[in-house]
Amino acid sequence: MRPANEALIVIDVQNDFCPGGALAVPGGDEIVPRVNALLDEFQTRVLTQDWHPADHSSFAANHPGMAPYQVIEMPYGAQILWPVHCVQDTPGAEFHPDLDVAKADHIVRKGFRPEIDSYSAFFENDHETPTGLDDYLSARGIDHVTLVGLATDFCVLYSALDAVRLGYAVTVLEGACRGIDLNGSLEDARTTMLDARIVLEP
Ligand code: VGL
Ligand code: ZN
């Protein structure tokens, strides 16, 4: 068992990010057995759930003339437009059926405001609106987080960077993550995480 100051944060292991889903991450479902084993090792276990309204501004379908993976400028910065995914109360937004959801102590939903996306488990994409996760972890005396899940180069990356910024020691278990890899984003994410002194372990 890991010490009480460490938390496991499982990012977006949802149907839409697994093969067959609307924004499928290659091999996304392969991590589920390892994630379930990790859920037994930690005393504090948090899941995040991408949870968008149908009119969410990150969906290309909500911008006439735009296609998925094009980039638009939003008040908070550049935003990649995605296929419609993880719409609230749809099967695609549910956790992978084999994920041991019952072992989680806390579930953070994010991306539920139509006008702003939220990759990070800690802040929305304006980098200042908190999700409440930092308060939750602080209240439990957590100072080290281990991150796993989907996708390495988006929600895992942004969560890891925010965790460092908030003062946590951060480990990313790459073998329990899978990436989208948009124009080299997976390799860029590794470099960015290493530069931020995030510990990458297999
Ligand atoms: C994610 C793109 C859009 C993720 C979520 O979980 O990495 N990526 N929404
Ligand atoms: Zn999303």
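Order of appearance sets the numbers: ligands from 1, and atoms from 1 within every ligand.
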query: Is the closest side-chain heavy-atom distance between His106 and Leu133 below 4.5 Å?
result: yes
side-chain contact (heavy atoms from CB on, under 4.5 Å), paired with Leu47, selected from Ile11, Val101, Ile9: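 For Leu47, the side-chain contact (heavy atoms from CB on, under 4.5 Å) check succeeds only for Val101.
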query: Are the aromatic rings of His85 and Phe17 close, with centres under 6.0 Å apart?
result: yes
message: If you take the nearest heavy atom of each of His56, His85, Gln79, which one is closest to atom 3 (C) of ligand 1?
response: His85
query: Counting heavy atoms only, which of Gly149, Gly28, Pro83, Cys155 comes nearest to atom 1 (C) of ligand 1?
result: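 Result: the heavy atom closest to atom 1 (C) of ligand 1 is in Cys155.
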Looking only at distances, please establish whether an N/O atom of ligand 1 is found under 3.5 Å from an N/O atom of [X].
| X | value |
| --- | --- |
| Phe17 | no |
| Asp50 | yes |
| Asp12 | yes |
| Ala151 | yes |

message: Is the ring pair Tyr158/His127 parallel, tilted or perpendicular, if the boundaries are 30 and 60 degrees?
response: parallel
Whether [X] side chain and [Y] backbone form a donor-acceptor pair below 3.5 Å:
| X | Y | result |
| --- | --- | --- |
| Gln70 | Leu81 | no |
| Asp105 | Arg45 | yes |
| Thr129 | Glu124 | no |

Nearest non-hydrogen protein atom, atom 8 (N) of ligand 1: Phe154 CB, 3.9 Å
task: Report yes or no: do Gln14 and Asp50 form a side-chain donor-acceptor pair below 3.5 Å?
output: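 Absent: no donor and acceptor within the cut-off.
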- request: Kindly confirm or rule out a cation-pi arrangement of Arg165 over Phe122, judged by NZ or CZ under 6.0 Å from the six-membered ring centre and within 45° of its axis?
  value: no
Atoms named by residue and atom, protein N, O or S, within reach of the Zn ion (ligand 2) (under 2.8 Å):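 Per the 2.8 Å query on the Zn ion (ligand 2), atoms found are Asp50 OD2, His52 NE2, His85 NE2.
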query: So which bit of Asp153 gets within less than 4.0 Å of ligand 1, heavy atoms only: side chain, backbone, both or neither?
result: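 Within the 4.0 Å criterion, Asp153 makes no contact with ligand 1.
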field: Intermediate values then yes/no, side-chain contact (heavy atoms from CB on, under 4.5 Å), Asn183 and Tyr69
entry: CA-CA 10 Å; Asn183 310 315; Tyr69 310 109; over 6 Å; no
